[in-house]
Amino acid sequence: NFKTNVPIVTYEDIKPYIDRIANGETSSILFADPITQFIQSTGTSEGKPKLIPMTAESFEKRMVKPLLVDLVMKKCISGLDQGKSFYLFFVKPDMETPSGLMASLYTTSYFKTQIFKNGLAKFCTSPIDTILCLDNKQSMYCQLLTGLLLRDEVVRIGSSFASVLARSIKFLEDYWKELCSNIRTGYLSDWIADPACRNAMSSILTGPEPELADLIQQICEDKSWEGIIKELWPEVKCISSIVTGSMSQYIPLLEFYGGGIPLVSPNCGSSEACFGINLKPLSKPFDVSYTILPNMAYFEFLPVNNDGGGMSHETATVNKPVDLANVKIGRYYEVVVTTLAGLYRYRVGDILKVTGFYNKSPQFQFVERQNVVLSIDLDKTTEVDLSNAITKAKLVLEPLGIMLTTYSSYADTSLTPGRYVLFWELKMKGSNDLPKLDAKIMEECCGIVEESFDFTYKSLRKGGVISALELRVVKHGTFDELMDFYVSKGASISQYKPPCCLKSEEAVKLLNLGMVGTFFSPKTMF
């Protein structure tokens with residue numbers, strides 16, 4: 001009866017109701033229980049953040065997930081209960097809607113709860129006031145300083161997303177000398193002006209520690225930062241951060257900095273619902289499967305193409321959803337959830353590949369969202385298409401000791417015919433030096449990307465409707481500036497997802513400013 005009478009919907013279908021509630025109408029127009037707050041989506045996957053309704057019961061249920069993850073990790077990795085966790089956590093200012101209901105990131109709301117403050121926070125190196133500091137730069141500086149001061153107690157290091165941890169290491173590269181100076185003298189830098197941060201740090205930075213400062217300086221002065229995490233925090237048992245989906249591009253970088261420390265991707269979810277957790281945390285990053293937590297939502301699954309590269313049909317009457325217990329191993333599905341907070345048969349947009357079962361609960365690998373990110377004429381290239389193509393192309397660089405640290409793209413239609421443009425940030429494995437760019441090698445990468453695209457792209461390319469693909473290489477740190485740009489526009493540093501495709505002209509201009517080389521595919525390939 002539920003499936004017969006309730007249609008499958010997208011956010012755009014229910015957005016008018018959410019907007020009415022946000023503007024002061026009663027939440028009963030969407031759900032029987034009162035909505036207590038809104039959760040904001042990250043806003044970097046699809047542009048403007050969504051407002052996801054949340055009730056007291058649904059919020060309380062979601063707080064179980066971190067506790068489950070912690071129990072699983074301590075069961076599978078010995079020694080995690082023998083020290084502290086150096087997690088880099090950040091918050092974003094709440095936004096009050098006209099109704100008086102607050103809208104915030106889920107992590108921001110969670111970090112403010114007594115459950116976090118009296119639970120997991122007690123096992124973290126960062127004082128709660130440094131986590132709740134709204135100035136991300138001051139927050140990051142103080143958290144890194146605390147992590148260095150307590151380096152011998154740290155058994156786990158991590159962040160919500162791999163992009164945040166990568167950015168934190170770049171911040172450490174820029175500020176390690178000043179951090180060492182603070183440790184050597186016992187005085188906190190004057191530019192840390194947040195009163196709560198200064199007060200919290202006064203109980204940790206209690207006096208000069210010149211020997212510790214000398215040790216950290218010796219480690220950081222090495223030209224190559226390969227294994228820097230292991231050097232700075234010798235007792236670390238694992239690096240915990242989501243590295244699946246769009247975050248998988250950071251795996252080589254974090255493995256480089258980790259020096260052999262296991263890289264753990266603990267859980268998978270979205271702003272709308274928690275999907276599952278990793279019951280085998282020591283799995284290789286590219287082999288990670290998550291196990292569905294079946295009581296977090298009512299799950300249905302819309303079948304998509306066998307390669308995960310195509311959207312499911314727009315209506316359930318054409319492609320009927322499958323129940324949780326009836327999914328097939330090896331098949332790809334788009335997730336549909338019904339939650340405790342007014343989302344009924346809601347298409348999240350994320351694609352999962354079923355890999356097995358734990359008891360009767362499906363296990364899955366997370367696949368990038370099936371958004372069309374690049375489009376010219378009839379061609380529609382998705383995140384999966386682009387990711388798979390770049391994964392193949394970068395194999396050419398690896399034997400040369402060159403790492404692709406991150407990438408983005410956009411469709412350049414300023415000229416006729418238009419073309420797809422890739423932005424790559426490259427570095428040498430042994431240093432942050434820009435690699436020598438061999439034109440033939442880079443053009444080969446362009447060619448591999450184009451060869452990996454589908455028949456439609458190749459046909460349009462052959463017919464001259466699409467021009468040769470362009471690859472623009474940018475200098476080290478350019479994508480950190482892109483993160484700063486999006487954070488300045490309201491994105492959260494703690495849940496930042498690098499955009500697979502740029503829609504902002506300002507963002508494109510920013511990356512162009514960091515460009516150090518440009519290459520093209522051969523004009524006639526197909």
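As a basis for the values below, the full set of heavy atoms in this structure was taken, side chains included, without hydrogen atoms, waters or symmetry mates. Residue numbers start at 1 and run along the sequence shown. On a predicted model such as this, the values are computed, not experimentally measured, just so you know.
- In this structure, Phe423 and Leu502 have side chains that are in contact, with non-hydrogen atoms separated by less than 4.5 Å.
- Side chain of Thr97 to backbone of Leu101: a donor-acceptor contact under 3.5 angstrom is found.
- Within the 4.5 Å cutoff, side-chain heavy atoms of Met483 are placed close to those of Ile493.
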### Task
Take Phe485 and Lys489 through the side-chain contact (heavy atoms from CB on, under 4.5 Å) test and state the conclusion after the steps.
CA-CA 6 Å; Phe485 167 77; Lys489 298 295 184 181; 3.5 Å; yes

### Message
side-chain contact (heavy atoms from CB on, under 4.5 Å) for Asn267 and Asn278? Distances and angles first, verdict last.
### Response
CA-CA 6 Å; Asn267 59 81; Asn278 183 0; over 6 Å; no

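- Contact record, Lys117 with Leu132: CE-CD1, 4.2 Å, taken as the closest heavy-atom pair.
- For the pair Lys237 and Pro262, the tightest heavy-atom approach, listed with the atom from each and the gap, is O-CD, 3.3 Å.
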### Query
Given Ile39 and Leu105, is the side-chain contact (heavy atoms from CB on, under 4.5 Å) satisfied, shown in steps?
CA-CA 5 Å; Ile39 297 300; Leu105 293 175; 6.0 Å; no

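- The 12-atom threshold is not exceeded at NZ of Lys280, counting heavy atoms of other residues, nucleotides or ligands nearer than 6.0 Å.
- Under 3.5 Å, the side chains of Thr244 and Tyr290 contain a donor-acceptor pair of N or O atoms.
- Around CD of Glu398, the count of heavy atoms belonging to other residues, nucleotides or ligands within 6.0 Å exceeds 12.
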### Message
Using the rule given for side-chain contact (heavy atoms from CB on, under 4.5 Å), can you reason through Lys497 versus Tyr486, listing the C-alpha separation, both sets of side-chain angles and the distance that settles it, and then say yes or no?
### Response
CA-CA 10 Å; Lys497 297 177 182 178; Tyr486 279 108; over 6 Å; no

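- Checked for salt-bridge contact, Arg198 and Asp194 miss the test: no charged N lies under 4.0 Å from a carboxylate O.
- In this structure, Lys380 is not positioned above the aromatic face of Phe453 in the sense of NZ or CZ being under 6.0 Å from the six-membered ring centre and within 45° of the axis.
- When atom types are taken as modelled, the side chain of Ser387 and the backbone of Val384 share no donor-acceptor pair closer than 3.5 angstrom.
- When all heavy atoms of Cys238 and Met73 are compared, the closest pair comes out as SG-CE, 3.6 Å.
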### Intermediate values then yes/no, salt bridge (charged side-chain N to carboxylate O under 4.0 Å, His left out), Asp484 and Arg167
CA-CA 10 Å; Asp484 291 338; Arg167 175 58 195 273; 2.7 Å; yes

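- Thr382 and Asp385 share a donor-acceptor pair across their side chains, judged by distance under 3.5 Å alone.
- Taking each heavy atom of Asn512 and Arg472 in turn, the nearest pair found is OD1-NH1, 2.8 Å.
- Salt bridge absent: Glu235 and Arg151 never bring a charged side-chain N and a carboxylate O closer than 4.0 Å.
- Checked options Pro498, Ser265, Pro285; the residue passing with Met247 is Pro498 (criterion: side chain to side chain contact (heavy atoms under 4.5 Å, CB included)).
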### Message
Working note: Trp191 + Tyr141, criterion ring pair (Phe, Tyr, Trp, His ring centres under 6.0 Å); need CA distance, chi angles, decisive distance, verdict.
### Response
CA-CA 10 Å; Trp191 64 270; Tyr141 187 91; 5.0 Å; yes

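- Residue Lys74 qualifies as enclosed at atom NZ: its count of foreign heavy atoms under 6.0 Å is above 12.
- Remark: the Gln40 side chain and the Ser104 side chain contain no N/O donor-acceptor pair separated by less than 3.5 Å.
- Judged by distance alone, the side chains of Glu12 and Thr10 never bring a donor and an acceptor atom under 3.5 Å apart.
- With hydrogens and angles disregarded, a donor-acceptor distance shorter than 3.5 Å links the side chain of Ser168 to the backbone of Val164.
- Between Asp70 atom CG and Leu80 atom CG the span is 8.0 Å, to the nearest 0.5 Å.
- The closest side-chain donor-acceptor pair between Lys137 and Tyr175 falls under 3.5 angstrom.
- A salt bridge does not link Arg347 with Asp13: every distance from a Lys NZ or Arg NE/NH1/NH2 to an Asp or Glu carboxylate oxygen is 4.0 Å or more.
- The heavy-atom pair separating Lys392 from Ser452 by the smallest distance is CD-OG, 3.4 Å.
- Using the six-membered ring where Trp is involved, Phe299 and Phe275 have ring planes that are perpendicular, over 60° apart on the 30 and 60° scheme.
- With Ser58 contributing its side chain and Ala341 its backbone, the two residues share no donor-acceptor pair below 3.5 Å.
- Defined by atom type and a distance below 3.5 Å, a donor-acceptor pair is present between the side-chain atoms of Asp379 and Thr381.
- Between the Gln138 side chain and the Ala193 main chain, a donor and an acceptor come within less than 3.5 Å of each other.
- In this structure, Tyr11 and Tyr346 have perpendicular ring planes: the angle between them is above 60°, well past the 30° mark.
- Counting only distance, with no hydrogens or angles, the side chain of Ser241 and the backbone of Ser159 share a donor-acceptor pair below 3.5 Å.
- In this structure the side chain of Val474 reaches within 4.5 angstrom of the side chain of Phe479, judged on heavy atoms.
- Between Met54 and Ile35 the shortest side-chain heavy-atom distance does not fall below 4.5 Å.
- Using a 4.5 Å heavy-atom cutoff, the side chains of Val449 and Cys445 are not in contact.
- Rounding to the nearest 0.5 Å gives a distance of 10.5 Å between CE of Met140 and CG of Leu172.
- One finds the CG atom of Leu149 at 5.5 Å from the CG atom of Leu205 (value rounded to the nearest 0.5 Å).
- The minimum heavy-atom distance between Ala273 and Arg62, with the atom names listed, is N-NH1, 3.9 Å.
- Of the possible polar contacts, none joining the Tyr106 side chain to the Ser41 backbone as a donor-acceptor pair under 3.5 Å is found.
- With no hydrogens or angles considered, a side-chain donor-acceptor pair links Thr291 and Gln363 at under 3.5 Å.
- Glu425 places no side-chain N or O within donor-acceptor distance of the main-chain N or O of Tyr407, the cut-off being under 3.5 Å.
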### Message
For Thr355 and Ser289: C-alpha separation, side-chain torsions, deciding distance, then whether side chain to side chain donor-acceptor pair (under 3.5 Å) applies.
### Response
CA-CA 7 Å; Thr355 57; Ser289 286; 2.8 Å; yes

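- Judged by distance alone, the side chains of Thr125 and Tyr87 never bring a donor and an acceptor atom under 3.5 Å apart.
- When only modelled atom types and interatomic distance are considered, Thr146 and Ser126 share no side-chain donor-acceptor pair under 3.5 Å.
- Looking at Phe301 and Glu334, their side chains never come closer than 4.5 Å, going by heavy atoms from C-beta outward.
- Leu386 places a side-chain heavy atom less than 4.5 Å from the side chain of Leu422.
- At a threshold of 4.5 Å between non-hydrogen side-chain atoms, the residues Thr107 and Val91 do not count as touching.
- Using a 3.5 Å distance cut-off with no hydrogens or angles, the side chains of Asp222 and Ser224 do not pair a donor with an acceptor.
- In this structure, Ile18 CD1 and Asn23 CG are separated by 12.0 Å, a value rounded to the nearest 0.5 Å.
- Distance alone, capped at 3.5 Å, is enough to place a donor-acceptor pair between the Asn118 side chain and the Gln114 backbone.
- Remark: the Ser189 side chain and the Asn182 side chain contain an N/O donor-acceptor pair separated by less than 3.5 Å.
- At least one donor-acceptor pair closer than 3.5 Å links the side chain of Trp233 to the backbone N or O of Gly147.
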